[in-house]
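In the text below, chain A, chain B and the rest are named by the order of the sequence lines, each starting its count at 1. Note that the structure is predicted; figures quoted are calculated from it, not measured.
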Number of protein chains: 2
Amino acid sequence: MSRDHQTDLPQVQNGSSVQNYGNALDIYPLNCYYFGSKEAVPFKDETTSDRILRMKFNYDAHGLRTCVQAVMLVELFKHPHVLLLQARNSIYKLPGGRLRTGESDIQCLKRKLSSKLSAVGDCSAPDWEVGECLGMWWRPDFDALLYPYLPPNIKRPKECTKLFLVKLPESQKFTVPRNLKLLAVPLCQLHENHKTYGPIISGVPQLLSKFSFNIIES
Amino acid sequence: MSRDHQTDLPQVQNGSSVQNYGNALDIYPLNCYYFGSKEAVPFKDETTSDRILRMKFNYDAHGLRTCVQAVMLVELFKHPHVLLLQARNSIYKLPGGRLRTGESDIQCLKRKLSSKLSAVGDCSAPDWEVGECLGMWWRPDFDALLYPYLPPNIKRPKECTKLFLVKLPESQKFTVPRNLKLLAVPLCQLHENHKTYGPIISGVPQLLSKFSFNIIES
């Protein structure tokens with residue numbers, strides 16, 4: 001092995017050994033962030049049939065349901081981690097929620113991030129920096145699986161879920177409802193792990209694969 | 001169901017029912033394109049162990065191997081299809097290949113697309129419109145699987161494969177080596193079909209999921 005190869009690590013880490021046109025992303029260590037808790041939030045959807053009934057009711061009233069979710073990254077052990085909310089020990093979600101009538105994707109995502117991750121009435125809470133759309137998943141029918149495309153011959157999809165990159169600042173305080181946990185999960189644990197995380201979250205490493213991560217030392 | 005929902009189809013198809021900031025992509029019907037054949041190309045890598053030997057030899061000589069591949073789309077039955085090359089009836093590949101020393105990603109991809117899909121010495125062949133990088137896959141070791149991230153503690157990855165969107169013009173002639181077939185495969189057949197297409201191709205529908213497709217009628 002020649003001496004040249006010894007320098008591969010720093011080159012790959014800072015993204016300079018592969019040409020990467022503007023797809024560099026700064027991420028900060030987990031210990032740059034502070035975590036607190038606030039009052040619990042009520043959970044919807046006790047059962048699958050409850051959820052389907054609620055989706056049908058809302059579709060008849062409002063049509064296609066659009067959800068927006070945030071992909072937020074931190075660094076731990078030199079590897080990118082995604083922030084996930086965990087409910088009832090087994091349900092993992094990207095932070096986000098459903099659009100109100102007339103609301104834009106970005107307005108909704110900022111509202112949901114503040115309601116789920118900021119202290120109530122915290123005026124010093126930073127504005128959320130919502131970046132590009134990373135992907136969209138479609139639910140062709142109320143009780144159907146999700147697909148990363150509109151399946152052929154589906155004329156009236158029932159739900160569209162859009163993932164947005166949200167760039168975290170160098171430091172921030174997250175205030176999380178007492179009945180939810182905020183977790184940082186490594187990309188290598190999410191990848192292809194449908195069984196634990198479902199299709200959307202287990203596909204996040206692929207959606208992020210075009211980025212070179214600049215790990216900023218604290 | 002109210003009358004409003006009857007209009008979901010055209011809204012979804014032209015991307016106006018979901019807000020989609022600049023991620024609309026024009027695609028043209030398969031019958032806009034012409035297909036011819038040219039002399040067969042020699043195949044490398046008769047066996048897996050041959051391939052690993054060749055990769056080791058090249059790594060010692062040149063370091064990290066970078067490959068570029070093209071994602072090109074056509075429309076058929078109102079659904080996006082990806083152009084794949086098929087060799088020996090069971091091997092599917094996105095068109096592309098390996099960078100030469102000093103070559104840029106885009107130079108390499110154009111060279112490879114011309115050598116694989118244009119007639120020899122065809123001066124009327126259009127320039128290829130190479131768009132954004134959609135994703136990158138890493139091979140941590142010669143005999144290892146591919147990952148859509150650099151796995152933790154990997155200091156000297158052996159291969160990086162980058163996927164680029166290549167926007168096809170309204171019409172074009174493809175001239176394909178006689179021992180390869182050019183296929184148009186629907187997104188719904190590729191999605192999660194690792195067994196047939198491998199991890200890179202079966203993940204393409206996810207990498208494209210942020211786009212709304214404008215199907216241009218011929």
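A salt bridge does not link A:Lys110 to A:Glu103: none of the charged nitrogens lies less than 4.0 Å from a carboxylate oxygen. A salt bridge between A:Lys210 and A:Glu132 is present, with a side-chain N of the basic residue lying under 4.0 Å from a carboxylate O of the acidic one.
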- Tell me, with the steps shown, if A:Trp137 and B:Ser209 meet side chain to side chain donor-acceptor pair (under 3.5 Å). CA-CA 7 Å; A:Trp137 288 79; B:Ser209 70; 5.1 Å; no
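Heavy atoms of A:Leu163 lying under 4.5 Å from chain B are absent altogether. In this structure, the portions of B:Leu187 lying under 4.5 Å from any heavy atom of chain A include both its backbone and its side chain. When heavy atoms are compared at a cutoff of 4.5 Å, A:Tyr149 approaches chain B solely by way of its side chain, counted from C-beta outward. Neither the backbone nor the side chain of B:Leu208 comes within contact range of chain A; no heavy atom of the residue lies under 4.5 Å from a heavy atom of that chain.
Ring orientation note: the planes of B:Phe174 and B:Phe35 are close to parallel, at an angle under 30° on the 30°/60° scale.
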